[in-house]
Amino acid sequence: MLVISVVVTLLVYWIAEEYAQLPSRASIQGALAATWPMVTASYLPLLAAVLATLAGASALTAANAGLVVAVVLLTVHGWLAGRAAQLQSWRLLVATSIAAGLGLVMILLKDLVLTHLH
């Protein structure tokens, strides 16, 4: 159920964001095709959540497994982006650390919402 909720939420958000920015049907279709990688980026975190659930983890633990995978992916992509920009040494470390930090902030916000706002 968690995975279905995440996928549906992601798809609705993705379609709504593109629709809100573009006036014509052709523009919307082109933008959806161009931004499809945002949706596919969720596959590995969702797979981790599914595998954790199949292994007997609770929904919370499965969600955390997905978040851990998402943070790892953000960190790797931050490093790859830094390398593509030809960053080296401490600049590459800073770019990678910022990407990892954004993932950690995502986890902290999730915990804040679940523990303090519910």
Side-chain angles (χ1 to χ4, degrees):
M1 189 64 172
L2 171 68
V3 172
I4 293 169
S5 298
V6 170
V7 170
V8 169
T9 301
L10 179 64
L11 290 173
V12 168
Y13 171 78
W14 170 62
I15 292 168
E17 177 184 18
E18 294 307 321
Y19 180 77
Q21 296 178 20
L22 303 166
S24 73
R25 179 179 214 121
S27 297
I28 293 167
Q29 288 173 336
L32 289 174
T35 58
W36 180 248
M38 180 182 85
V39 175
T40 61
S42 67
Y43 288 169
L44 287 177
L46 285 173
L47 179 61
V50 167
L51 292 175
T53 301
L54 291 175
S58 68
L60 180 61
T61 301
N64 284 331
L67 286 172
V68 167
V69 170
V71 170
V72 169
L73 288 173
L74 281 171
T75 303
V76 168
H77 285 289
W79 181 79
L80 291 171
R83 296 289 293 166
Q86 299 179 342
L87 299 179
Q88 296 178 356
S89 139
W90 67 271
R91 291 181 178 164
L92 180 59
L93 177 63
V94 168
T96 304
S97 298
I98 289 171
L102 290 171
L104 294 174
V105 167
M106 177 180 61
I107 290 174
L108 290 173
L109 289 172
K110 179 201 77 90
D111 287 342
L112 173 71
V113 167
L114 288 179
T115 59
H116 296 295
L117 299 178
H118 270 139

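Here the shortest heavy-atom pairing between Ala65 and Ala48 reads O-CB, 4.0 Å. Of all the heavy atoms in Ala100 and Thr75, the pair that sits closest is CB-OG1, 3.3 Å. Of all heavy-atom pairs between Thr40 and Pro37, the closest is OG1-O, 3.1 Å. Ala57 and Ala62 make their closest contact through CB-N, 4.2 Å (heavy atoms, listed as atom of the first residue, atom of the second, distance). Taking both residues in full, the closest heavy atoms of Ile15 and Leu32 are given as CA-CD2, 4.1 Å, listed atom of the first, atom of the second, then distance.
Put simply, OG1 on Thr96 and NE2 on His77 are 12.5 Å apart, with the number rounded to the nearest 0.5 Å. To the nearest 0.5 Å, atoms CD1 (Ile107) and CG (Asn64) are separated by 7.0 Å. Taken from CD1 in Ile4 to OG1 in Thr9, the straight-line distance is 11.5 Å, to the nearest 0.5 Å.
Side-chain atoms of Leu67 and Pro45, non-hydrogen and from C-beta on, never get closer than 4.5 Å to each other.
By the rule that hydrophobic residues join a cluster once side-chain heavy atoms approach within less than 4.5 Å of another member, Leu102 and Met106 end up as members of separate clusters. No single ILVMFWY cluster, assembled from side-chain heavy atoms under 4.5 Å apart, contains both Leu104 and Val72. Following chains of ILVMFWY side-chain contacts shorter than 4.5 Å, one cannot reach Leu10 starting from Leu74, and the two form parts of different hydrophobic clusters. Hydrophobic clustering of Ile, Leu, Val, Met, Phe, Trp and Tyr side chains at less than 4.5 Å, counting indirect connections, unites Val7 with Tyr43. Note on Leu47: it clusters hydrophobically with Val69, by side-chain heavy-atom contacts below 4.5 Å among ILVMFWY residues.
Judged by distance alone, with hydrogens and angles left aside, the side-chain atoms of Ser97 form a donor-acceptor pair with the main-chain N or O of Leu93 at under 3.5 Å.
Within 6.0 Å of CG in Leu60 there are more than 12 heavy atoms belonging to other residues, nucleotides or ligands.
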